[in-house]
Amino acid sequence: MKNLDYKDNELEIKFLLKLLNNLSPTDDTYQYLMNELLIYVYTSYENFLKKILVFLFADAKQNFKYNPFLIEHNLWGIVNNEEKKFMVPKGKIEDLKVNFPLIKESYFIDELSAIDTLILARNSFAHTGQNNATLEQILNAYLTSKYIIKYLDFCYVTSTDIERSNLKSTQLFLKNLVNHTEGCIKSIKEDNFSPNMKAFDCHYKKYISFKNSGIFDFNSDLSDLFLEENFIFLSNYAGKPVGTFVGKLDSLKSLLYLKAFKVNDKDNLKPRDILVILD
């Protein structure tokens, strides 16, 4: 199924980023432009949540499924076009976990708190006129919202049952791999792994099994993430320096982050970092 349109306000956001990129925080218009950016980023996220809720509610009415959406009474008038109703979807992470439980399976579920910061800053600005968010926090929230939107759109709109199952399997594989290897490494006091160590072999075997089954082929955007060269370090570590293994693991984690958020990290973001992504 074709994805929902989730590029609301993108032109306006790019325009504001270009202006901010050439200004100093001491310029008279800097705070005004930041306020405008906050609102455009927030409404872009809010509008997508409205679209996907209406889509799922209409589908639920037609196919008698997705029971949780049937109690969201504000959607009745919107779907039926019988009357105009105002709806503000709940967009904080804990609310997303309730309305869109598949988000809980995301590898990055614990790194999405920037969206809560965005909502709190927008609410503060709407009620008091004070924008408590920094520019970096707004940019971080924008990248986070784009990740959430793409994830929800895939899980609930465009994917098949098999694709969703493959996504769940890959997310769980990555979580188990990172959590287990990091936990083991913390307990190792020597500079080199034991020559007989086999603690991480299971992850490489699981990777090969998934690779041979074609499970990584469900999304072309991830093809370069699951190349064997990114996971071979899991099969060739016994007796070798722990530091080398940690470096390879960190490289994999960085690649995961880059594929998800389109940046190497979300610290010290500048407007130009976002403009590169949007161009």
Once side-chain hydrogen bond (donor to acceptor under 3.5 Å, both in side chains) is applied, what residue pairs with a partner in residues 240-255 remain, sequence neighbours excluded?
E182-K253, N236-K240
N/O donor-acceptor pairs under 3.5 Å from side chains in residues 29-42, not counting sequence neighbours:
| residue | atom | partner | partner atom | Å |
| --- | --- | --- | --- | --- |
| Q31 | NE2 | N35 | OD1 | 3.0 |
| N35 | OD1 | N131 | ND2 | 3.1 |
| N35 | ND2 | Q31 | O | 3.4 |
| Y42 | OH | E46 | OE2 | 2.9 |

Does the side chain of [X] reach to within under 4.5 Å of the side chain of [Y], using non-hydrogen atoms?
{"X": "F210", "Y": "S169", "value": "yes"}
{"X": "V242", "Y": "Y237", "value": "no"}
{"X": "L143", "Y": "L139", "value": "no"}
{"X": "I188", "Y": "E190", "value": "yes"}
{"X": "L225", "Y": "F216", "value": "no"}
{"X": "L256", "Y": "L174", "value": "yes"}
{"X": "E228", "Y": "I208", "value": "yes"}
{"X": "I274", "Y": "L278", "value": "yes"}

Expected output: side-chain [X] to main-chain [Y] donor-acceptor under 3.5 Å:
{"X": "N21", "Y": "P271", "answer": "no"}
{"X": "S124", "Y": "Q130", "answer": "yes"}
{"X": "S106", "Y": "I103", "answer": "no"}
{"X": "N176", "Y": "F173", "answer": "no"}

Residues forming a ring-ring contact (aromatic ring centres under 6.0 Å, His included) with F261, sequence neighbours excluded:
F108, Y147, Y257
Those residues at least two apart in sequence (or on a different chain) that pass ring-ring contact (aromatic ring centres under 6.0 Å, His included) with Y204 are none
Contacts table for residues 192-199: side-chain donor-acceptor under 3.5 angstrom, sequence neighbours left out:
| residue | atom | partner | partner atom | Å |
| --- | --- | --- | --- | --- |
| S194 | OG | N196 | N | 3.2 |

Cluster check L112, L120: I/L/V/M/F/W/Y, side chain < 4.5 angstrom:
no
Does atom CG (D191) have a neighbourhood of more than 12 heavy atoms from anything else shown, all under 6.0 Å?
no
By salt bridge (charged side-chain N to carboxylate O under 4.0 Å, His left out), which residues pair with [X], not counting sequence neighbours?
{"X": "R272", "value": "none"}
{"X": "D110", "value": "none"}
{"X": "K205", "value": "none"}

State the [atom1]-[atom2] distance between [X] and [Y], to the nearest 0.5 angstrom.
{"X": "T170", "Y": "L177", "atom1": "OG1", "atom2": "CG", "value": "12.0 Å"}
{"X": "K186", "Y": "T181", "atom1": "NZ", "atom2": "OG1", "value": "10.5 Å"}
{"X": "I215", "Y": "S209", "atom1": "CD1", "atom2": "OG", "value": "8.0 Å"}
{"X": "L227", "Y": "I232", "atom1": "CG", "atom2": "CD1", "value": "12.0 Å"}
{"X": "I52", "Y": "N47", "atom1": "CD1", "atom2": "CG", "value": "13.5 Å"}
{"X": "S145", "Y": "N140", "atom1": "OG", "atom2": "CG", "value": "10.0 Å"}

How about F245 and F200: are their ring centroids closer than 6.0 Å?
yes
Which heavy atom of C155 sits nearest to which heavy atom of L167, and what is that distance?
SG-CD2, 3.6 Å
Closest non-hydrogen atom pair between N123 and H127, with its separation
O-ND1, 2.8 Å
What pairs meet the salt bridge (Lys or Arg N to Asp or Glu O under 4.0 Å) rule with one or both residues in [range], with sequence neighbours excluded?
{"range": "residues 207-218", "value": "none"}
{"range": "residues 88-99", "value": "E94-K97"}
{"range": "residues 12-28", "value": "K14-D279"}

Do T144 and K266 have side-chain atoms, one donor and one acceptor, less than 3.5 Å apart?
yes
Between L234 and L249, does a side chain to side chain contact (heavy atoms under 4.5 Å, CB included) hold up when you go through it step by step?
CA-CA 9 Å; L234 295 168; L249 180 62; over 6 Å; no
For F226 and Y207, run ring-ring contact (aromatic ring centres under 6.0 Å, His included): C-alpha distance rounded to whole Å, both residues' side-chain angles, the deciding distance at 0.1 Å, then the answer.
CA-CA 9 Å; F226 290 104; Y207 166 78; 7.2 Å; no
Contacts of E105 meeting side-chain contact (heavy atoms from CB on, under 4.5 Å) (sequence neighbours excluded), chain-then-number -> L102, Y151, K168
